[in-house]
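Computed over heavy atoms, backbone and side chain alike; hydrogens, waters and symmetry mates excluded.
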Amino acid sequence: MSLYSCTYCHSRHPFEELSKGDQMCKKCRKEHPLVTCTYCRMEFHLVGGNEQGKPVCKKCNGHVLKYGQPACCVHCNIRAAFNGSKCSRCESSERKYGPPIQCEQCKLKCAFKKSDESKDKVDGKILCLLCTLAYKRLVHRSKGVKELLRGQSHSHKKGTKREGHHHHRHHHKHEKKAKTDLVESSGARDSPGLGLKNTNSVNSDAGTEHNLSEHMAELTDVKEMVVKLKKQLQQKDQALIEKEKKITEIKAENWEKEKEFKKKLSSLQKELNDRLEILQTENRNLKKQLSQQQVQQVKKEKTATS
């Protein structure tokens, strides 16, 4: 059988015992906590301390160093669009499955029409990636609780059978005693002890089922609250986009008005300069004519006196 090494401690294990994404063994998975990436929202095992206080997976860390801080994806609204307006998951899914459709859980247009085999894993629902992961975690937890209840019920049945067998041997050992002692002994052991243990077991199962139903109700409330907050965030983002659009339109309109005003002002200034130049030319001509008339008048007076 082929053995594969753990990516952290480098010990060799069968491929089935290593984790799917990080390729880590069970011991390393227990030592390092499972955290959610700040950007892509995928879970990974945090190896070593985090200096910035925000858990970031290796892929997103490389993208941050290469492209800088990401923007929100136009489809899933996750802050993981490093190179463009879409995150890498939505971009690859759009190339593979076509344009996105609405998710049945979060109501965002970030799910993709996958194959029937993929939809059967989530009971035929059309879910986005984050809702799919949340649904699988919920199913896994519910299976764990059911197995725990089944184990408690099985152990309780074994205990009841063992007690009944012990009581039968004890009853057979004292069979030679008087019937009155047998009736008192069997009556003292049958009704109080077994009835109390059965009642405690039923109460324990009922309490566990009640806690499970409360847990499921709390999860449903949290999901509804998350969906409501996402809707409110989407509405606010849309309102912010509309406001930015209006501001841009107003700025463009003001720029056009300012451009027209400057053009009109320059034309008026040019017209004023032309008129001023004409008036100055006329004024010079009139002064010249006046001086010529004065000279002629002086000559006439001199000829008249002589």
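- Note on Phe112 and Ile101: separate hydrophobic clusters, where clusters join Ile, Leu, Val, Met, Phe, Trp and Tyr whose side-chain heavy atoms are under 4.5 Å apart, directly or indirectly.
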* Dump the intermediate steps for side-chain contact (heavy atoms from CB on, under 4.5 Å) on Asp274 and Lys270, then the final yes or no. => CA-CA 6 Å; Asp274 293 340; Lys270 185 178 179 182; 4.0 Å; yes

* Step-by-step side-chain contact (heavy atoms from CB on, under 4.5 Å) determination, Glu301 to Gln297 -> CA-CA 6 Å; Glu301 289 178 356; Gln297 186 68 28; 3.8 Å; yes

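- With hydrophobic clusters built from ILVMFWY side chains whose heavy atoms lie under 4.5 angstrom apart, Tyr67 shares a cluster with Val56.
- Rounded to the nearest 0.5 angstrom, Cys28 SG and His10 NE2 are separated by 9.0 Å.
- Between the side chain of Asn283 and the main chain of Leu279, no donor-acceptor pair closer than 3.5 Å is present.
- At least one donor-acceptor pair under 3.5 Å links the side chain of Thr303 to the backbone N or O of Lys299.
- Nearest heavy-atom pair across Arg41 and Leu130 is CB-CD2, 3.7 Å.
- Using a 30° and 60° split on the angle between ring planes, Tyr39 and Phe82 fall in the perpendicular class, above 60°.
- How far NZ of Lys136 is from NZ of Lys121: 5.5 Å, rounded to the nearest 0.5 Å.
- A donor-acceptor contact shorter than 3.5 Å is absent between the side chain of Arg12 and the backbone of Ser5.
- Contact check for Asp123 versus Val139: no side-chain heavy atoms found under the 4.5 Å cut-off.
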* To do: Please test Arg95 against Glu91 for salt bridge (Lys or Arg N to Asp or Glu O under 4.0 Å), starting from the C-alpha separation and ending with a verdict.
  => CA-CA 6 Å; Arg95 285 197 303 265; Glu91 194 171 358; 3.8 Å; yes

* side-chain contact (heavy atoms from CB on, under 4.5 Å) between Lys113 and Ile126: does it pass, once the steps are laid out? -> CA-CA 7 Å; Lys113 193 174 182 180; Ile126 300 176; 5.8 Å; no

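- In this structure the side chain of Met42 reaches within 4.5 angstrom of the side chain of Leu133, judged on heavy atoms.
- Asn61 places no side-chain N or O within 3.5 Å of a backbone atom of Cys57 that could act as its donor or acceptor partner.
- The two residues Lys109 and Pro100 make their nearest non-hydrogen contact at CE-O, 3.4 Å.
- Shown here for Thr36 and Pro55, the closest heavy-atom pair between the two residues is O-CG, 3.3 Å.
- Of the charged side-chain nitrogens involved, at least one lies within less than 4.0 Å of a carboxylate oxygen, so that Glu253 and Lys257 count as a salt-bridged pair.
- Other residues, nucleotides and ligands contribute only 12 or fewer heavy atoms inside 6.0 Å of the CD atom of Glu277.
- The CD1 atom of Ile247 lies 11.5 Å from the CG atom of Asn254; values are rounded to the nearest 0.5 Å.
- For Gln105 (side chain) and Cys131 (main-chain N/O), no donor-acceptor pair under 3.5 Å exists by modelled atom type.
- Rounding to the nearest 0.5 Å places NZ of Lys86 at 11.0 Å from OG of Ser93.
- Rounded to the nearest 0.5 Å, atoms CG (Asn77) and NZ (Lys230) are 8.5 Å apart.
- Checked for salt-bridge contact, Lys264 and Glu260 miss the test: no charged N lies under 4.0 Å from a carboxylate O.
- Remark: side-chain polar atoms of Arg89 are paired, donor with acceptor, to backbone N or O of Cys40 under 3.5 angstrom.
- For the pair Cys110 and Cys128, the tightest heavy-atom approach, listed with the atom from each and the gap, is SG-CB, 3.5 Å.
- Between Glu258 and Lys262 there is a salt bridge, with a side-chain nitrogen of the basic residue lying less than 4.0 Å from a carboxylate oxygen of the acidic one.
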* side-chain contact (heavy atoms from CB on, under 4.5 Å) between Cys87 and Ile78, worked out -> CA-CA 8 Å; Cys87 64; Ile78 296 175; 5.8 Å; no

